[in-house]
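All ligand and atom numbering here is 1-based and tracks the order in the structure.
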Amino acid sequence: MTSFEAFLRSALQEAETQGLRRKLREIDTIRGTTITIGGRELHNFSSNDYLGLAGHPALAAAMAEAAGCWGTGATASRLICGTTKEHAALEEELAAAKGTEAALVFSTGMAAATGAIPSLMGKGDVIILDKLAHACLIDGARASEALLRVFPHNDLEKLKSHLKWAREAHPAAKVMILTESIFSMDGDLAPLAEIVALKERYGAILFLDEAHAVGVRGIPVGVRGNSGGVLGQGARGLAGELGLGDRVEIQMGTLGKALGVSGGYIAGSRALIDFLINRARSFIFSTAPSPAVAAACRAALRIVQSEEGDALLSRLHQNLALLASELKISTPQSAIIPIILGSEERALAEAARLLEAGFFVPAIRYPTVPRNTARLRITLSAAHEPEQIKALAELMK
Ligand SMILES: *Cc1c(COP(=O)(O)O)cnc(C)c1O
């Protein structure tokens, strides 16, 4: 065995011993929220397809039609010959949905964050991150070579003291706050109004990752009580829902979760988007997303902003209310419900027990979440049937 091969095997063995080794699961078939793995039918409570759009025939039709028209690949990066009318239209429609001047599509949300952050921030600048920020924000921050400061999750006092320090110690620096509107592994909300007020007070910039909020928040009045929502607004994200959209400099999101396709985007001012077109390396040095993918995203956006989209949102929120009442927990603020169990072993054993009973609920472990906070992460979709939710809750009691 070469020493390189020995290195690989010992790293894997160590992960195995700690209960941290990950393996891929191959899905044989998908039919709505039912998947088959290894010949077994399972109720899927692990996907981020919150509205069930990934299986929507209108998206598949849009994708097929565009592939027939444009071919399968974009054939080049966006700045060479990879920008089709589909890409341009998607970006215009995204900007309109978010209420910003402009938007820019990347091949993934990960690429959007890791490309944009280091293009905007550099040595001598200061980045302040929430402790639970997604890996794409952390990697983008690190790559920027800016000074980094972390505040405990949603801790406004600590955020404020970092901002104050940054302003005093680095008066000429750009200061950027990185956070999520809905946290991916906890499903809770950032105190966005307070964060916006703080960043304005200290002259900072806010980069907000709305990956889990778009398509999930911004819903009709009466469904979530006092949202004050307007119909057809499901693509706005939390910033839009709270009327804070034009006070957040950089709104980032994914097209791969509630929108059911793939890709990432940044929405903001025209100058921001033009700057990113010129500077964001993951945008410049990467083949453009397929025009067929862009067409499917456009179809998803149309649905989310239609009456059908409102009905799907209502359905999702009814499902969330049902699970909450069955489990006797308060109604979740997002489609993500973490059940924190602590040790890796306990989370794995619980996931295995549910799997045995026909329910796929993933165990989430370090390094995705901090040590000793291993958990089951239930995600709900508008496509779940009430019977599936009741059966899951029964098993979890
Ligand atoms: C999934 C996710 C991303 C990455 O988006 P992709 O399009 O999947 O690359 C970014 N931020 C958060 C919070 C996410 O959950």
Has ligand 1 got any nitrogen or oxygen that is less than 3.5 angstrom from a nitrogen or oxygen of [X]?
X	answer
D209	yes
K257	yes
A211	no

May I ask you to test the R365-L348 pair for a side-chain heavy-atom distance under 4.5 Å?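 Yes, at least one pair of side-chain atoms sits under 4.5 Å.
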Indicate yes or no: at least one non-hydrogen side-chain atom of F283 is less than 4.5 angstrom from one of R78.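 With C-beta onward as the side chain, the pair touches.
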Return yes when G263 approaches ligand 1 closer than 4.0 angstrom through a heavy atom, no otherwise. yes
Determine whether any heavy atom of C136 lies closer than 4.0 Å to an atom of ligand 1.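 Yes; C136 lies near enough to ligand 1 that a heavy-atom distance drops under 4.0 Å.
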Among all protein heavy atoms in this structure, tell me which lies nearest to atom 5 (O) of ligand 1, with the distance rounded to 0.1 Å.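 I find the closest protein heavy atom is G109 CA, 3.5 Å.
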For atom 9 (O) of ligand 1, the closest protein heavy atom turns out to be M110 N, 2.9 Å
Can you establish whether the number of heavy atoms outside E308 located under 6.0 Å from its atom CD is more than 12? yes
Would you say CD of E356 has more than 12 non-hydrogen atoms from neighbouring residues, nucleotides or ligands within 6.0 angstrom? no
How long is the gap from CG on N48 to CG on L259, to the nearest 0.5 Å?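 Taking CG in N48 and CG in L259, the distance rounds to 12.0 Å.
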Enumerate the atoms of ligand 1 whose separation from the nearest heavy atom of E180 is less than 4.0 angstrom.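 Ligand 1 atoms under the 4.0 Å threshold to E180: 13 (C).
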Pair F183-N154, side chain to side chain contact (heavy atoms under 4.5 Å, CB included): steps then yes or no: CA-CA 10 Å; F183 282 81; N154 283 346; 3.8 Å; yes
